[in-house]
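Let me begin by presenting the structure, written as structure tokens, before commenting on it.
Per chain, numbering begins at 1; letters A, B, ... match sequence-line order. Keep in mind that this is a model prediction, so the values were computed, not measured.
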Amino acid sequence: MRRAIPAIVATAVGFVLVWQYEPTMSTEQVALPSPNTVPALPPGSATQQPMPGTDSPGQARTVDGSAERNRHGVVQVQVTFTGQKITDVTFLQLPNSGPSRMAGPRLVQETLQAQSADVETVSGATQTSESYIKSLQSAIDAKGA
Amino acid sequence: MAITAVRQLMGLPISVDLRDGTQREADMVFDWLHEVDLRFSPFRLDSEVTRLDEGRIGAEEISADLLHVLALCETYELRSGGAFKAKLPGRQLDPNAVVKGWAVQRAADLLRAAGLRRFCINAGGDVVTAGEPTDGEPWRVGIRHPDDSQRVCAVVGIRDGAVATSAAYERGNHIIDGRTGLPAFGLLSMTVYAPDLTTADATATAAFAMGIDGPEWAAQQPGCLVHAVDSNHRVFRSPELPVLS
């Protein structure tokens, strides 16, 4: 149990580092945390290894990760390998708005509630099957044009 | 001297709750919205909007009402940085997002001009209210829970005002972000409370199209208070929103 605590801390630190990472910082050399500390990065992209034997040691080579969409947007990294070592990671795509930006100066954050309150009327995006069919048809028409 | 009536118009269920009115005033609302549907529907071959879109009438021949609606569309396109667009590439001109709010607000104005002071119109989830349903009490307007059509996630108490919600839970992700041409994402539900429904509806639609930047943007629009649910099921709202316990 005690050994788990440093791992959790490392995970949290790794996540914060990745989250606060700005594309403008991408020219700096950064060390890539081990994959399990970076929840925003999909496995198989940042950790992609170059084909063994194709690179002579000391020669830098870049590999683009796949573009992965998480709940905040698209994340795509570019990894620079020198031989078998990762020497640089830059973000090709990064969501420009994190959770902290949502709660701007004018808004407060709350948890979502579900109530069965007594109300006179309800506001919502109520649509009918009729409008759905019309919308679908218009999309089909637009595609055919 | 009180009546509740529902009619299917503009492809939407429209309910009219008149606490100091009669069927005659309810019919006035329905007649007006039927007229709007004939004139502004992009799905009708002979509507003014379709004729303009197909070049069968010129921009200088359109009615003052359509000119007003198109000016509103342009205003919200500019304010939202292009996230809201009435004319998307490869698609028909569709000013519906603005038309509905504007038309229902106009219906409320007609009721007021006829002397009514206590009423509520709900047009497919967009709400405009006047006065109080009973003495000393505001209209209690629920905000639909994004995952459950039978429940609400908040209740606001309003008198003279309007509440509009833009969301993707009914027809899937049908609102397009005009900046990318792709379906808007980031929000499950975007609700705006404003003094009038024209403002509330257009602001809610534009903010939903903007995605995660929408709530903060909407809260900066004059007279607007917001309640937003993001795709992570977190609520962001204006602290001044008149939420009932």
Exercise for review: Count the heavy atoms of every other residue, nucleotide or ligand shown that sit under 6.0 Å from NE2 of B:H34, and state whether that count exceeds 12.
Suggested key: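 Count not over threshold, so no.
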So what's closer than 4.5 Å to chain A heavy atoms on [X]: side chain, backbone, both or neither?
| X | answer |
| --- | --- |
| B:S238 | both |
| B:V229 | side chain |
| B:V141 | both |
| B:A154 | backbone |
| B:P146 | side chain |

Exercise for review: Identify which one of B:K100, B:R7, B:R44 satisfies the salt bridge (charged side-chain N to carboxylate O under 4.0 Å, His left out) criterion when paired with B:D37.
Suggested key: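 Only one option passes, and that is B:R44.
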Review point. Taking B:L241 as the fixed residue, which of B:V192, B:V226, B:L225 is the one that meets the side chain to side chain contact (heavy atoms under 4.5 Å, CB included) rule?
Key: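 For B:L241, the side chain to side chain contact (heavy atoms under 4.5 Å, CB included) test succeeds with only one of B:V192, B:V226, B:L225, which is B:L225.
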Review point. Within a strict 4.5 Å, meaning less than it, do heavy atoms of the B:L188 and B:H233 side chains meet?
Key: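 Yes, close enough: below the 4.5 Å cut-off.
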Point to revise | A:T121, part contacting chain B, at a heavy-atom distance under 4.5 Å | key: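 For A:T121, heavy atoms of backbone and side chain both lie under 4.5 Å from chain B.
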Check your understanding: When you check the gap from the basic side-chain N to the acidic O, do B:K87 and B:D53 get nearer than 4.0 Å?
Key ->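 Between B:D53 and B:K87 there is a salt bridge, with a charged N closer than 4.0 Å to a carboxylate O.
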